[in-house]
There are 2 protein chains.
Amino acid sequence: MAKKTISTPRPIEKVMTVWDVLTPDERQFLRNNHTVHRFKKNELIHCEGDIPTHMMILESGKVKVFKEGVGSRAQIIRMLKPGEHFGYRAIITNQPHNTNVAAVEPSTIFMIKADIFTSILKHNNAFCYRFLEELACDLGVSDARIVNLTQKHIRGRLAEALLTLKKNYGVEADGATISIYLAREDLANLSNMTTSNAIRTLSNFANEQVIAMDGRKLKIIDEERLIRISKMG
Amino acid sequence: MAKKTISTPRPIEKVMTVWDVLTPDERQFLRNNHTVHRFKKNELIHCEGDIPTHMMILESGKVKVFKEGVGSRAQIIRMLKPGEHFGYRAIITNQPHNTNVAAVEPSTIFMIKADIFTSILKHNNAFCYRFLEELACDLGVSDARIVNLTQKHIRGRLAEALLTLKKNYGVEADGATISIYLAREDLANLSNMTTSNAIRTLSNFANEQVIAMDGRKLKIIDEERLIRISKMG
DNA sequence: GTAAATTTGTGCTTTAAAACATTGTTATCT
DNA sequence: AGATAACAATGTTTTAAAGCACAAATTTAC
């Protein structure tokens with residue numbers, strides 16, 4: 001692996017997808033009132049039970065949002081990519097966080113204080129509406145996940161996870177390798193299965209020529225087939 | 001069972017929990033621009049794939065929001081009680097509904113046309129914020145459900161469902177009978193299990209004196225114990 | 001009010017996935 | 001660079017829950 005270059009973060013206006021609905025005053029205010037934080041791989045950004053203090057935006061890197069369930073078994077709720085917001089749901093409901101967030105690779109995060117965020121939400125209708133859309137979308141995804149994770153069989157759940165990762169992070173230059181290298185354990189926690197079963201099922205997919213593996217690099221070879229597997233349940 | 005009386009629906013201002021943030025103009029407009037619909041027990045209100053046309057408010061009765069999963073096995077996402085909104089998430093995301101909604105007992109529903117609803121959302125910041133809060137809350141519940149339904153064992157899932165129903169619908173005069181009489185199949189679909197297993201597990205709970213059953217009437221006798229069962233997983 | 005159709009209740013069988021155990025392999029840290 | 005820890009791969013055993021079959025009891029419909 002090449003030595004990591006610590007790149008300078010982009011300016012906030014290039015990172016915030018909701019920048020267009022802000023007023024000139026709000027823009028200037030946010031330029032001066034946000035902080036930049038770097039997190040190392042596997043570093044915890046916030047955890048369940050914490051009082052939310054900031055709304056956050058992933059500038060670069062990749063993070064996982066997960067919950068600790070029975071016997072501290074983790075369930076990954078969703079994976080974020082640059083430009084996505086997080087940590088603000090708990091601000092809106094006025095409750096402690098109910099998820100943990102951790103970096104799965106070195107990540108840079110912009111933070112905006114909770115009171116500044118709510119103040120804009122309450123004064124800028126278009127801004128508020130954007131987050132309404134975002135939550136409406138996330139809720140649809142979450143509801144769909146309930147059914148996928150509870151009703152599909154192991155193969156279907158893992159196939160689904162691989163397809164979602166590909167859609168979310170895209171592929172590398174070869175056009176097939178999924179642009180995120182997760183540990184088998186993370187794949188298992190995404191797909192609601194044990195690590196052994198994730199490993200076993202990946203091996204089966206590889207034997208069946210549906211995917212190809214090179215360590216953590218996963219290549220989807222037969223996407224049609226993977227889609228069929230994910231639908232069969 | 002006593003003969004059902006068809007009660008006159010209450011006026012919209014008594015039903016809409018967000019009435020307080022509306023302007024006098026909006027109030028008058030909504031008084032004139034909403035429709036009232038009655039649904040019989042088990043009647044479908046809207047289904048997966050339908051284009052959303054109205055945001056809806058349950059005036060009276062009880063409805064279930066559910067998804068059809070693998071092999072058309074239903075998963076109840078949530079149960080609604082009077083005063084709750086539904087059908088609007090799809091309006092906000094501009095997509096077809098991704099859930100079915102059906103009355104589990106005779107229900108009266110107020111409907112507001114989609115374009116009217118979005119227009120108020122886009123012009124009344126406080127109104128928009130209220131729905132932002134509602135979705136933020138629902139997303140938290142949905143995420144928690146992912147973990148509960150995937151990681152807990154049958155007994156834990158059913159215990160959880162019973163406690164949630166009690167919290168949501170309350171109890172009758174005796175202080176113990178849950179104020180909703182669901183079919184075993186609905187209880188199963190709520191708790192991600194087969195009907196046989198719901199029946200079996202309810203019988204076990206009854207033998208253990210945790211609950212008492214009289215047909216569809218379920219009485220929670222030992223709530224502490226039920227809470228412990230639901231936490232154990 | 002009676003017949004048909006659901007719904008409920010049980011026992012038995014099968015099966016998918018977890019749990020466990022062991023070994024090989026790859027990162028990570030001083 | 002070598003030690004140590006974390007991760008990956010597989011085989012075996014156990015178990016929770018689904019699937020199935022059938023009888024009894026309720027609803028619902030005509």
Side-chain angles (χ1 to χ4, degrees), chain A residues 1-4 40-43 69-75 102 104-106 148-159 161 181-207 211-218 229 232-233, chain B residues 1 3-4 40-43 69-75 102-106 148-159 161 181-207 211-218 229 232-233:
Chain A
M1 209 184 291
K3 185 128 194 270
K4 287 152 207 148
K40 283 174 282 195
K41 184 175 173 176
N42 295 323
E43 201 175 344
V70 179
S72 74
R73 194 176 133 202
Q75 171 64 53
V104 296
E105 49 183 72
N148 285 330
L149 292 179
T150 57
Q151 297 194 357
K152 286 182 182 171
H153 285 180
I154 276 209
R155 287 168 59 88
R157 300 202 301 269
L158 186 60
Y181 308 156
L182 289 177
R184 301 292 191 264
E185 191 183 357
D186 281 331
L187 283 172
N189 292 342
L190 254 179
S191 327
N192 180 35
M193 64 186 65
T194 55
T195 307
S196 316
N197 275 328
I199 291 168
R200 221 186 302 271
T201 310
L202 280 178
S203 295
N204 292 342
F205 284 171
N207 286 335
I211 66 168
M213 300 192 283
D214 173 17
R216 291 188 177 188
K217 291 190 190 184
L218 302 177
I229 293 171
M232 283 198 333
Chain B
M1 209 184 289
K3 185 128 193 269
K4 287 152 210 151
K40 284 174 283 198
K41 184 174 173 177
N42 294 324
E43 202 176 343
V70 179
S72 73
R73 194 177 132 200
Q75 171 66 53
V104 296
E105 47 182 73
N148 285 330
L149 292 179
T150 57
Q151 297 195 356
K152 285 182 183 172
H153 285 179
I154 276 209
R155 288 167 59 86
R157 300 201 301 271
L158 186 60
Y181 308 157
L182 289 178
R184 302 292 192 262
E185 192 183 356
D186 282 330
L187 284 171
N189 293 342
L190 205 45
S191 327
N192 180 35
M193 63 186 66
T194 55
T195 307
S196 320
N197 274 328
I199 291 168
R200 223 186 302 271
T201 310
L202 279 178
S203 295
N204 292 342
F205 284 171
N207 286 335
I211 66 166
M213 300 192 282
D214 173 18
R216 291 186 176 189
K217 291 191 190 183
L218 302 177
I229 293 171
M232 282 198 334

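For the numbers below, each heavy atom of this structure counts, side chains included, while hydrogens, waters and symmetry mates do not. Letters go in sequence order (proteins before strands), and every chain restarts at 1.
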Give a yes or no on whether the backbone of R73(A) and the side-chain of Q151(B) come within a donor-acceptor separation of less than 3.5 Å.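 Flag set: sc Q151(B) to bb R73(A) pair under 3.5 Å.
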
Those residues that, when tested against [X], pass side chain to side chain donor-acceptor pair (under 3.5 Å) (two or more places apart):
{"X": "T194(B)", "answer": "N197(B)"}
{"X": "E105(B)", "answer": "K62(B)"}
{"X": "N189(A)", "answer": "none"}
{"X": "R184(B)", "answer": "none"}

Take atom NZ of K152(B) and atom P of dA16(D), then tell me their distance rounded to the nearest Å.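 Taking atom P of dA16(D) as the reference, NZ of K152(B) is at 18 Å.
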
Rounded off to whole Å, could you give me the CG-to-P distance for the L158(B) and dA18(D) pair?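 Rounded to whole Å, this separation is 12 Å.
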
Protein-nucleotides 7-15 of chain D N/O pairs under 3.5 Å:
from, atom 1, to, atom 2, distance (Å)
dA8(D), OP1, R216(A), NE, 3.3
dA8(D), OP2, R184(A), N, 3.1
dA9(D), OP2, R184(A), NE, 2.9
dA9(D), OP2, R184(A), NH2, 3.2
dT10(D), OP2, S203(A), OG, 3.2
dG11(D), N7, R200(A), NH1, 3.3
dG11(D), O6, R200(A), NH2, 3.4

Of all the heavy-atom pairs spanning R157(A) and N192(A), show the shortest one and how long it is. NH2-O, 2.7 Å

Minimum heavy-atom separation for M213(A) and L202(A), please, with both atom names.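 Minimum heavy-atom separation between M213(A) and L202(A): SD-CB, 3.8 Å.
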
Report the residues that fulfil side chain to side chain contact (heavy atoms under 4.5 Å, CB included) with A159(A), sequence neighbours left out, ordered by chain and then residue number. F205(A), L226(A), I229(A), S230(A)

Residues in side chain to side chain contact (heavy atoms under 4.5 Å, CB included) with N42(A), at least two apart?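 None.
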
Helical bend (five base pairs per end, nearest 10°) for the helix from dG1(C)-dC30(D) to dT30(C)-dA1(D):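 The end-segment axes of the helix from dG1(C)-dC30(D) to dT30(C)-dA1(D) are tilted 60° relative to each other.
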
Which pairs with one or both residues in residues 185-198 of chain B pass salt bridge (Lys or Arg N to Asp or Glu O under 4.0 Å), sequence neighbours excluded?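 Those involving residues 185-198 of chain B are K64(B)-D186(B).
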
With heavy atoms of chain B within less than 4.0 Å as the criterion, where does contact along DNA chain C begin and end?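 Nucleotide range with atoms under 4.0 Å of chain B: dT7(C) to dC12(C).
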
